[in-house]
K.L.:
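There's a structure below that I have some questions on.
Everything numeric in this text was worked out from a predicted model, so none of it was measured. Letters go in sequence order (proteins before strands), and every chain restarts at 1. Heavy-atom basis, side chains included; hydrogens, waters and symmetry copies ignored.
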2 protein chains.
Amino acid sequence: MEKVQSRSECVISNVLEILGDKWTLLVIRDLFFFNKHEFKEFLASPESIATNVLTDRLKRLLQNEIIAEIPHPQTRTRKLYYLTEKGKDLLPILGSMAQWGAKYLPDLEAMQPLYERLRTEPKKVRQEIHAQLNKWEKEHLKC
Amino acid sequence: MEKVQSRSECVISNVLEILGDKWTLLVIRDLFFFNKHEFKEFLASPESIATNVLTDRLKRLLQNEIIAEIPHPQTRTRKLYYLTEKGKDLLPILGSMAQWGAKYLPDLEAMQPLYERLRTEPKKVRQEIHAQLNKWEKEHLKC
DNA sequence: CACGACACTTGCAAAACGCAAGTGAGTTTG
DNA sequence: CAAACTCACTTGCGTTTTGCAAGTGTCGTG
């Protein structure tokens, strides 16, 4: 992986160079919480990311080895994206964001039950998420 | 506080509307980890934020009630910024970012010991951070 | 009252973004 | 097997946001 010159020696600053972008984290959210794995699935998210931005963010996430890709088993044009171990370790960050939001953004009554459960029983929910990711990998990764 | 029209009903998406910006989180980092409270102190961070960006981010953080301000006890031009309860509740997010970075950005050998300790004894470090914030408040907030 | 410190503003060039229209490889259909 | 379709990704371009430098107005100080 190429060295990206960092703006400071601070760990948080360097993490933000990778993650400090709305779209990047929304893609990661889709991977964790909505079981999405394809380009068109990310495109379909309600925030309506533009295609060029999505392409760019997927590229960066691949470069940073937060996600990996495999060819689609049916067609040769599509690809499947999934979280690496490094990517899966981001769950605490997303989880704490969801917990904070569940506490301080009460206007979102139509909240996905998942987020509410993340606040009330975070450990169990995180286990379920990891279980779902593992299940997908068993079905799609041969090695 | 004015209603900001949100791009989706997703909690994480709405959190990212507030936090999904590098500079915003760097200001919060300075408040948590480096005991900074003044405009010029944020400016002095090694990432060298521009004055207009800093002004904008402080304004947004105030609007979102993540930080609050008081007049400087010595001069009437300066202000002191500090984290509200809502802002202090962001520590798990910053903490999990620091932990992830400490694990996956090992190139940063010159890492602040704080971050290393956040990985090895996160609870204790978070207690210390809250203690430091409380100490500052006792010295500066009259009410 | 002149000077400096300071938070904040302004002007402008550069970068990022959003949108619409491609592109090209692969797949399906008649 | 050729035309139509799907899909990830690219390109062009107008708009928005950012970064940087210089400036502004207010206040404290000598």
K.L.:
What is the distance, rounded to the nearest whole Å, between atom CD1 of B:I49 and atom P of C:dT9?
P.N.:
14 Å
K.L.:
Heavy atoms under 4.0 Å, any strand shown: does B:F42 hit a base, just sugar-phosphate, or nothing?
P.N.:
nothing
K.L.:
Could you tell me whether the phosphate oxygens of C:dA16, OP1 or OP2, come under 4.0 Å of any side-chain nitrogen or oxygen in A:R60?
P.N.:
no
K.L.:
Which whole-number value in Å describes the distance from B:R57 CZ to C:dC8 P?
P.N.:
15 Å
K.L.:
Which of the following nucleotides, C:dC17, D:dC9, C:dC8, is nearest to the side chain of A:T51?
P.N.:
D:dC9
K.L.:
Rounded to whole angstrom units, what separation is found between the CD atom of A:E69 and the C1' atom of D:dA8?
P.N.:
11 Å
K.L.:
Between D:dT17 and B:W23, is there an OP1 or OP2 to side-chain N/O distance shorter than 4.0 Å?
P.N.:
no
K.L.:
Hey, what's the ring geometry for A:F32 with A:H130, parallel, tilted or perpendicular (30° and 60° as the breaks)?
P.N.:
perpendicular
K.L.:
Grab the CG-P distance between B:L43 and C:dT9 for me, whole Å please.
P.N.:
13 Å
K.L.:
Check the distance between C:dC8's C1' and B:L54's CG and give it to me in whole angstrom.
P.N.:
10 Å
K.L.:
Does OP1 or OP2 of C:dC6 have a side-chain N or O of B:K40 closer than 4.0 Å?
P.N.:
yes
K.L.:
Any donor-acceptor pair under 3.5 Å joining the side chain of B:T55 to the base of C:dT9?
P.N.:
no
K.L.:
Considering only side-chain heavy atoms of B:F39, which listed nucleotide, C:dC8, D:dA8, C:dC19, is closest?
P.N.:
C:dC8
K.L.:
Exactly one of A:W136, A:Y81, A:F42 should register a ring-ring contact (aromatic ring centres under 6.0 Å, His included) with A:H37. Which one does?
P.N.:
A:W136
K.L.:
Rounding to an integer number of Å, can you tell me how far A:R76 CZ sits from D:dC9 P?
P.N.:
17 Å
K.L.:
Starting from P on D:dG28, measure out to CZ on B:R78 and report it in whole angstrom.
P.N.:
11 Å
K.L.:
Is A:I28 close to A:T24 at the side-chain level, that is, under 4.5 Å between some pair of heavy atoms?
P.N.:
yes
K.L.:
Starting at CD of B:E47 and ending at P of D:dT18, how long is that distance when rounded to a whole Å?
P.N.:
17 Å
K.L.:
Assuming nearest nucleotide by heavy-atom distance, tell me which of A:T75 and A:N52 is located more 5' along DNA chain C.
P.N.:
A:N52
K.L.:
Got A:W23 and A:L54 here, is their nearest side-chain heavy-atom distance under 4.5 Å?
P.N.:
no
K.L.:
Before accepting this row, confirm whether a basic side-chain N of the pair A:K22/A:E47 lies closer than 4.0 Å to the acidic partner's carboxylate O.
P.N.:
no
K.L.:
Between A:D56 and B:K59, which residue's closest nucleotide on DNA chain C lies nearer the 5′ terminus?
P.N.:
B:K59
K.L.:
Using a cut-off of 4.0 Å on non-hydrogen atoms, how would the nucleic acid contact of B:E38 be classed: base, sugar-phosphate, or nothing?
P.N.:
sugar-phosphate
